[in-house]
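First up is the structure itself, then whatever we jot down about it.
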Amino acid sequence: MVDLTKGQQDVLDGGGHQLVTGGPGSGKTTVSILKASAIARQSLNSGQRILFLSFARATVSRVMEAIDEEKEIAKTEKSRIEVDTYHSFFWRILKTHGYLVGLPRILQVLAPPAEAIALSAVRGGFDKDSKLNDEEKKAKTSAETAERLRLATEEGKICFDLFAGLVGQLLHGSDKIRRLISEMYPYIILDEFQDTSGPQWTVVKALGVHSTLIALADPEQRIFEFVGADPERLDHFKKEFSPEEHDLAADNHRSKGTEIALYGNDVLTGKFRQESYEGIEFGVFEHNQHQAYAKLTTTVLQARKRLIATGRRDWSLAVLVPTRKMTRLVSDTFSEPFGGFPSIAHSAIVDMEGPILAAETLAYLMQQPTAANALAELVQLICSYLHGRGGNAPGKTDMGDAKALKKALARWDVALLAGKQPAANSIIRATESVLSKVLELTLTGDPDEDWVAVRKVLATGDCTRLKAISEDVRNVRLLERGTQLRQGLGEDWRENGSYSNALEITRRAFVQDHFSTGQKPETGVVVMNMHKAKGKQFDEVIIFEGWPVVVKKKMVANPDRIVPTNLIEAASSQHRQNFRVSVTRAKQRTTILTPSGDPCVLLLDADD
């Protein structure tokens, strides 16, 4: 029997629309699962289900795992709880009814890497966001939106950013569709509700007309205001639906027996009520690269030793850092250590635009293309990689490099058509050399071995762009994450004696992987940006930030800090909320590593 608090029991006993608030580990998810079970048992008609919606696939996976492990829920009840991401749910609606808002009948998802390529020309016309004034930022956003809408209405290619807005139009324009959805899902649970954007809130209002909504929220855990989450969203929900309100803020189930949640709450106010907190450790390092990474490495090795000693095989240790750049640097340090340290087996959660586009290039080469246009197609894939690897901020160097490649290919083709040898110093020559070496490979039909074999050719070849691709593709690990790509490539080989369709199989696998809810929570050592830790939990967490660069006893830069430049005047509520989220991901211990000469300002009492 689950030992419920009074607050959780009140949620179970309540009816109608409900708003359940509480901090990290307060039991919101647990009670929502039990609530869903009770609804499935008592209130559903044949064919109906409870829908549990969350933003992150990691959260969806954790909820699905929690449902599977809950012994008090009958198998028939579990089968009537459907857990999904907002994106996946919206996409299902758009595929069926999108024509009603002017979309073509046949639609295609434009996943982030493809979107980055499609918008690169628009984005490349502007400077970096940090250098734009408000009017220029507005103009850039308007241009991006116009291009997304053109891609959707003219080509049927739908970017994720358009999903909620289009579904909102659909649902507010058709009561029949609203009723169809509510007939299937008379009860909908909304996880992480505080981070709902404007378009998503429009959808929620429509869903709540005929379905009963249960919103789960942490008012102090808004970390997505930069993408449209509104600080007043919970008030909007109260005004719209007059829900029963349940506050679980006093409960802590994730890190029970520690004071991790207490410390996280004190981070928000900047007023620390205790000298020390059970489960919170601090470490400092000198502000130089070798000593910083030596401190991090020894801290990770000690934590890993503690967790292995528990005898559990599913232990987890997260290393959380403030920036994407640091994610890569820490991962590289663990893979190629210095000073006699051992390498640390780990996974790195990085922005995937570059790695996915790199994987597409590698997959094309696995096809060992021999057609007359093979070199041109390879160059086009390299250009797509250069256009898209920067995500929503394409680098001008990359854009210029892609332009130079296209011009060099045109000159190459002109020379060949004229029966001449292309210029000896053409930048295309190195690309052609790598393609030739790939064609000389004897592939085995084992997707893992052949993937690595092609990558090695790229890594050791003369083309600097393909070398970069070989490095980026290391971050994919798709062959490790699931069997879908491996099975697809294996079947392709068995049917054709070659990887004839490797590029299409890889592209399809990434789109399906984005919608997949079958991801297992991370285990072992995991390195990621602090933002990416939202919705996850680990046995231990280590938070590691950058350090000041000092030249002749003068600070000349202060990069990769939890608070930019580590100035207290730059510390916003968003920085405090993000830090609190990171601290409270741990179940047993959180260790915070900061430079000794310039400690993180969020660690200092606001009254000091």
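We number each residue from 1, following the sequence as shown.
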Audit row: Thr333, Phe341, side-chain contact (heavy atoms from CB on, under 4.5 Å) steps and yes/no
CA-CA 10 Å; Thr333 299; Phe341 287 110; over 6 Å; no

With a 4.5 Å limit on heavy-atom distance, are the side chains of Ile542 and Leu320 in contact?
no

Side chains of Tyr86 and Gln200: donor-acceptor distance under 3.5 Å anywhere?
no

Apply the test salt bridge (Lys or Arg N to Asp or Glu O under 4.0 Å) to residues Arg389 and Asp398: give CA-CA distance (whole Å), side-chain angles for both, the deciding distance (0.1 Å), then the verdict.
CA-CA 9 Å; Arg389 71 171 172 175; Asp398 282 346; 2.8 Å; yes

Can you run down the side-chain hydrogen bond (donor to acceptor under 3.5 Å, both in side chains) pairs that involve residues 400-409, sequence neighbours left out, and say none if there aren't any?
Asp401-Arg465

Donor-acceptor check, side chain of Ser433 to backbone of Arg429, threshold 3.5 angstrom: yes or no?
no

Tyr385/Glu360 under side-chain contact (heavy atoms from CB on, under 4.5 Å): CA gap, chis, key distance, verdict
CA-CA 9 Å; Tyr385 167 77; Glu360 291 182 2; over 6 Å; no

Which pair of heavy atoms, one from Met366 and one from Val454, lies closest together, and at what distance?
CG-CG2, 3.9 Å

At their closest point, which heavy atom of Gly445 faces which heavy atom of Tyr499, and how far apart are they?
C-OH, 3.2 Å

Hey, is the main chain of Ala502 close enough, under 3.5 Å, to the side chain of Gln367 for a donor-acceptor pair?
yes

Compare all side-chain heavy atoms of Val457 with those of Ser470 and state whether any distance is below 4.5 angstrom.
no

Taking atom types as modelled, is there a side-chain donor on Thr444 or Asp450 under 3.5 Å from an acceptor on the other?
yes

Looking at Glu115 and Arg148, is there a salt bridge between them, counting it only when a charged N and a carboxylate O are closer than 4.0 Å?
yes

Would a 4.5 Å heavy-atom cut-off, applied to side chains only, mark Pro342 and Leu301 as touching?
yes

Of all heavy-atom pairs between Ser582 and Val541, which one has the smallest distance, and what is that distance?
O-CG1, 3.8 Å

Under the 3.5 angstrom rule, does the side chain of Asp472 hit a backbone N or O of Ala468 as a donor-acceptor pair?
no

For Arg150, is there an ion pair with Glu147 - N to carboxylate O distance below 4.0 angstrom?
yes

Can you tell me how far CG of Leu503 sits from OH of Tyr364, rounded to the nearest 0.5 angstrom?
8.5 Å

Distance (rounded to the nearest 0.5 Å) between Thr299 OG1 and Ile543 CD1
12.5 Å

Which heavy atom of Val549 sits nearest a heavy atom of Pro559, and at what distance?
CG2-CD, 4.1 Å

Hey, is the main chain of Ala430 close enough, under 3.5 Å, to the side chain of Asp462 for a donor-acceptor pair?
no

Quick one: pull up CG in Leu489 and CD in Gln487 and give me the separation to the nearest 0.5 Å.
10.5 Å

I'd like to know if the side chain of Ser54 and the backbone of Asp191 have a donor-acceptor N/O pair within less than 3.5 Å.
no

Backbone N/O of Gly546 and side chain of Arg561: donor-acceptor pair under 3.5 Å
yes

Thr506 vs Leu485 side-chain heavy atoms within contact, under 4.5 Å
yes

As an exercise, state the distance from CG of Leu103 to CD1 of Ile158, rounded to the nearest 0.5 Å.
4.5 Å

Cut-off 3.5 Å, side chains only: do Glu377 and Gln380 have a donor facing an acceptor?
no

Between NZ on residue Lys396 and CE on residue Met399, distance to nearest 0.5 Å:
7.5 Å

Between Glu545 (side chain only) and Asp560 (backbone N and O only), is there a donor and an acceptor less than 3.5 Å apart?
no

Check whether any side-chain heavy atom of Phe90 sits under 4.5 Å from a side-chain heavy atom of Thr85, and report yes or no.
no

Glu353 and Arg324 ion-paired at < 4.0 Å:
no

I need the minimum non-hydrogen distance between Leu405 and Cys383, along with the two atoms involved.
CB-SG, 3.9 Å

Any side-chain heavy-atom pair from Ile592 and Phe579 closer than 4.5 angstrom?
yes

Does the Asn496 side chain pair with the main chain of Ser498, one donor and one acceptor, at a distance under 3.5 Å?
no

Glu540 to Ala303 - nearest heavy-atom pair and separation:
OE1-CB, 3.6 Å

Taking the side chain as every heavy atom from C-beta outward, state whether Phe334 and Ser343 have any pair of such atoms under 4.5 Å apart.
no

Are Glu471 and Arg474 close enough for a salt bridge, meaning some N to O gap below 4.0 Å?
yes

side-chain contact (heavy atoms from CB on, under 4.5 Å) between His575 and Ile562: does it pass, once the steps are laid out?
CA-CA 7 Å; His575 294 120; Ile562 292 170; 5.6 Å; no

Verdict with supporting geometry, Lys131 and Phe126, side-chain contact (heavy atoms from CB on, under 4.5 Å):
CA-CA 9 Å; Lys131 296 182 179 180; Phe126 295 85; over 6 Å; no

Using atom types as modelled and distance alone, determine if a side-chain donor or acceptor of Arg585 lies under 3.5 Å from a backbone N or O of Phe538.
no

Given 3.5 Å as the limit, does a donor-acceptor pair link the side chain of His346 with the main chain of Ile344, or not?
yes

When the side chains of residues 116-123 are checked against the rest of the protein, which donor-acceptor pairs come out under 3.5 Å, sequence neighbours left out?
| residue | atom | partner | partner atom | Å |
| --- | --- | --- | --- | --- |
| Ser120 | OG | Ile117 | O | 2.8 |
| Ser120 | OG | His387 | ND1 | 2.9 |
| Arg123 | NE | Glu144 | OE2 | 2.9 |
| Arg123 | NH1 | Gly391 | O | 3.4 |

Is any side-chain heavy atom of Phe89 closer than 4.5 Å to a side-chain heavy atom of Phe163?
no

Could you give the distance from CG (Leu362) to CG (Leu458), rounded to the nearest 0.5 Å?
6.0 Å

Do Glu504 and Asn501 have side-chain atoms, one donor and one acceptor, less than 3.5 Å apart?
no

